[in-house]
Amino acid sequence: FQNIRLFGTMTVLDNVRVAQQLRTRFNFVEIIGNIGSFRSKEKALTQEALAHLDTFGLASDAYRLANSLPYGTQRRLEIARALATGPSLLLLDEPAAGMNASETDTLHQMILDVQKRFALTIVLVEHDMRLVMGLCDQITVLSYGKVLAEGRPENIRQNTQVIESYLGVSKKRNAGTVPSAKI
């Protein structure tokens, strides 16, 4: 996810339609013959995709090429496309990578909306602690591939091992002093 993987030369609409086709069944005769059932399924896919784009604030961009969108909007399209497959779990691997503060704030709200609207479990791998602390109910902190701490955001924020591992300890501090940094 850190590298955008859209179909750049396809429209925003077609990026979502491709994802939806995973849930649509066509048979060879329908496709080759371009018969009524095929056309009605295609029309339904388009209407569903447009509604899906509207949910993500992308409807006005439906006929733009995906690679012509700003970076943050491309990220939103990737999430919209992933959700168009109808998952029960959404894995977001550093979705805020490369985003500015405004784009990250928009992403934050969108993830909250997605979780509520689609009632799915979201697994977030992220280094932006402001985003993590604002979104997550449960956090697992890893250091060199090993679990360093697990718990609710308020517990992780105060965890001495997490603070030392990610912020370091000043050499000027006394041996038993805990840093007062916030994550």
Side-chain angles (χ1 to χ4, degrees), residues 1-6 12 15-16 18-20 22-23 48-49 51-59 66 69-171 173-183:
F1 193 72
Q2 294 168 330
N3 297 319
I4 292 179
R5 302 266 192 230
L6 295 171
V12 169
N15 268 270
V16 174
V18 164
Q20 289 174 318
L22 291 172
R23 297 181 286 113
E48 184 182 343
H52 198 68
L53 289 174
D54 191 47
T55 298
F56 290 92
L58 295 167
L69 298 173
Y71 184 77
T73 306
Q74 287 184 26
R75 287 288 175 119
R76 280 198 345 255
L77 176 56
E78 283 188 310
I79 294 170
R81 186 180 61 182
L83 290 170
T85 66
S88 56
L89 178 128
L90 180 64
L91 172 62
L92 298 176
D93 184 12
E94 297 193 36
M99 288 187 172
N100 63 37
S102 175
E103 290 170 330
T104 301
D105 290 343
T106 300
L107 174 71
H108 179 204
Q109 188 57 52
M110 187 189 72
I111 293 170
L112 289 173
D113 293 345
V114 162
Q115 198 280 326
K116 184 177 179 181
R117 180 182 180 115
F118 294 90
L120 3 123
T121 298
I122 299 175
V123 176
L124 177 70
V125 177
E126 182 58 65
H127 291 96
D128 184 324
M129 289 300 102
R130 189 173 65 99
L131 182 65
V132 170
M133 294 297 178
L135 284 175
C136 299
D137 298 325
Q138 185 71 18
I139 298 171
T140 300
V141 180
L142 300 175
S143 179
Y144 298 102
K146 296 192 189 265
V147 174
L148 185 62
E150 291 182 284
R152 301 196 47 77
E154 55 273 11
N155 301 115
I156 298 298
R157 187 177 285 118
Q158 302 302 319
N159 185 295
T160 305
Q161 285 183 298
V162 172
I163 293 168
E164 288 175 2
S165 181
Y166 283 89
L167 299 179
V169 178
S170 171
K171 292 178 182 177
R173 294 190 188 276
N174 292 336
T177 306
V178 177
S180 60
K182 289 193 175 186
I183 298 176

**Working for side-chain contact (heavy atoms from CB on, under 4.5 Å), residues Arg76 and Ile79** = CA-CA 5 Å; Arg76 280 198 345 255; Ile79 294 170; 5.8 Å; no
**Prompt:** So which heavy atom on Ala97 is nearest to which on Glu126, and how close?
**Reply:** N-OE1, 4.5 Å
**Message:** I'd like to know if the side chain of Thr106 and the backbone of Ser102 have a donor-acceptor N/O pair within less than 3.5 Å.
**Reply:** yes
**Request:** Could you walk me through whether Asp113 and Phe56 pass the side-chain contact (heavy atoms from CB on, under 4.5 Å) test, one step at a time?
**Result:** CA-CA 9 Å; Asp113 293 345; Phe56 290 92; over 6 Å; no
**Complete:** In terms of heavy-atom contacts, Pro87 and Ala82 come closest through CD-O, 3.5 Å
**Message:** Taking Asn100's backbone N and O only, do any of them form a donor-acceptor pair with Glu103's side chain (distance below 3.5 Å, no angle check)?
**Reply:** yes
**Request:** Supply the atom-to-atom distance Ile111 CD1 to Leu107 CG, rounded to the nearest 0.5 angstrom.
**Result:** 4.0 Å
**Item:** Side-chain donor or acceptor of Gln74 paired with backbone N/O of Leu69 under 3.5 Å
**Value:** yes
**Request:** Begin with the C-alpha distance, continue with both residues' side-chain angles, and end with the deciding distance and a verdict on side-chain contact (heavy atoms from CB on, under 4.5 Å) for Val16 and Leu58.
**Result:** CA-CA 11 Å; Val16 174; Leu58 295 167; over 6 Å; no
**Request:** Report yes or no: does Glu94 contribute a side-chain atom to a donor-acceptor pair with the main-chain N or O of His127 at less than 3.5 Å?
**Result:** no
**Item:** Reported CZ-to-CG distance for the pair Arg81 and Leu53, which is rounded to 0.5 angstrom
**Value:** 12.0 Å
**Asked** Can you name the one residue among Arg152, Gln158, Arg157 that meets side-chain hydrogen bond (donor to acceptor under 3.5 Å, both in side chains) with Glu154?
**Response** Arg152
**Message:** Contact between Leu83 and Leu120 at the side-chain level, heavy atoms closer than 4.5 Å - yes or no?
**Reply:** yes
**Minimum heavy-atom distance between Ala96 and Arg75, given as atom pair plus value** = N-NH1, 4.3 Å
Indicate every side-chain donor-acceptor pair of residues 135-150 with a distance under 3.5 Å to a residue at least two apart or in another chain.
unit_1, atom_1, unit_2, atom_2, d
Thr140, OG1, Glu150, OE2, 3.4
Ser143, OG, Ser165, OG, 3.4

**Prompt:** Would you say the side-chain atoms of Gln115 pair up with the backbone N or O of Ile122, donor to acceptor, closer than 3.5 Å?
**Reply:** no
**Prompt:** With side chains defined as the heavy atoms from C-beta onward, is the minimum distance between Thr73 and Leu77 less than 4.5 Å?
**Reply:** no
**Message:** Which residues pass the side chain to side chain donor-acceptor pair (under 3.5 Å) test with Asp54, not counting sequence neighbours?
**Reply:** none
**Complete:** Taken to the nearest 0.5 Å, the spacing of Ile163 CD1 from Ile156 CD1 works out to 10.5 Å
**Request:** On the 0 to 90° scale, with breaks at 30° and 60°, tag the Phe118-His52 ring pair as parallel, tilted or perpendicular.
**Result:** perpendicular
